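The structure under discussion appears below in the form of C-alpha cells.
Proteins come first, then strands; the chains are lettered A, B, ... in the order of their sequence lines, and each starts at number 1. Heavy atoms only: backbone and side chains are in, while hydrogens, waters and symmetry mates are out. None of the values given here were measured: they were computed from a predicted structure.
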Amino acid sequence: MSYWLMKSEPEECSIDDLARLGRVPWTGVRNYQARNFMRDDFAVGDGVLFYHSSCPQPGIAGLAEVCSAAYPDATQFDPASPYHDPKSDPAKPRWLHVDVSFVRKTRLLALPELRQTPTLAGMRLLQPGNRLSITPVTPAEWQEILKLLDAASPSPR
DNA sequence: GCCAACGTTGGC
DNA sequence: GCCAACGTTGGC
C-alpha cells in the first residue's frame, strides 16, 4: 500500500466534483514521470491526497483512493480535446491513467501550513522547483497529514 | 548525444 | 501578469 499526492485544478475537478461523481478518470497527465508512477507504482487501494492547485488557496482539500489499474487515456486520441497528442500511436498509447474514488472532504490544509510543519519538510511537493502533478507521499507524511487534518485550523494572527 | 530555444507549471 | 524551475523538442 502506497500513498500519493495528486494535483487537480479545482476549476476543472474540485474535491466537491469528486464527491458528487464518486469516481473520476484521472485524464490529461502528459508528463512521463507522473505517468510512470501511475503505470508502475500505483495499486488499487492506494491512498491519495487530493490537492487543489492553480487557485486562490492551494492545498490539500480531501482524501481519495486509487480504484483502477492504469489504462490508456482516451483524450490523447481526441482531436477536440486539449489533451490531444497527435504523436501517440493508438496501437501503442503513450499516455495512461487510473481512476480515483472519493473518500472524504477535509478542511483545507493550505500550502503555507504544510510549509510550516517541520515533519513535512521532506515532502516531495514542497521541494523547490517541484512541478510534478503526482508525487509520492511516505507513510510517515501520510500519518502526519491525517493528524493535521483532524486538528483544528491554525488561528490567524 | 549535446544543448539552445521554447513551452508549461504553479505559486505569488 | 510575473517569473523561476524544469521538461521537451529539434537542429546539428
Electrostatic pair A:D16-A:K105, nearest N-O below 4.0 angstrom
yes
Please confirm whether A:F77 and A:H84 have ring centers closer than 6.0 angstrom.
no
salt_bridge(A:D17, A:R20) N-O dist < 4.0 Å:
yes
List the steps and the verdict of ring pair (Phe, Tyr, Trp, His ring centres under 6.0 Å) for A:Y83 and A:W26.
CA-CA 12 Å; A:Y83 301 122; A:W26 206 268; over 10 Å; no
Salt bridge flag under 4.0 Å for residues A:R30 and A:D73
yes
Going by heavy atoms closer than 4.0 Å, what residues in residues 122-132 of chain A are next to DNA chain C?
A:P128, A:G129, A:R131
Between atom CG in A:N31 and atom P in B:dG7, what is the gap in whole Å?
18 Å
Are there any protein N/O atoms within less than 3.5 Å of an N/O atom in nucleotides 9-12 of chain C, and if so, which ones and at what distance?
| from | atom 1 | to | atom 2 | distance (Å) |
| --- | --- | --- | --- | --- |
| C:dT9 | OP1 | A:K87 | NZ | 3.4 |

Run the salt-bridge test on A:R94 and A:D89 with the 4.0 Å N-O cut-off and return the result as yes or no.
no
Looking at A:R107 and A:E113, is there a salt bridge between them, counting it only when a charged N and a carboxylate O are closer than 4.0 Å?
yes
Can you tell me how the ring of A:W4 sits relative to the ring of A:F37, calling it parallel under 30°, perpendicular over 60° and tilted otherwise?
tilted
Whole-Å gap separating C1' (B:dT8) and CD (A:E12)
14 Å
Please classify the nucleic acid contact of A:Q33 as base, sugar-phosphate, or nothing, using heavy-atom distances under 4.0 Å.
sugar-phosphate
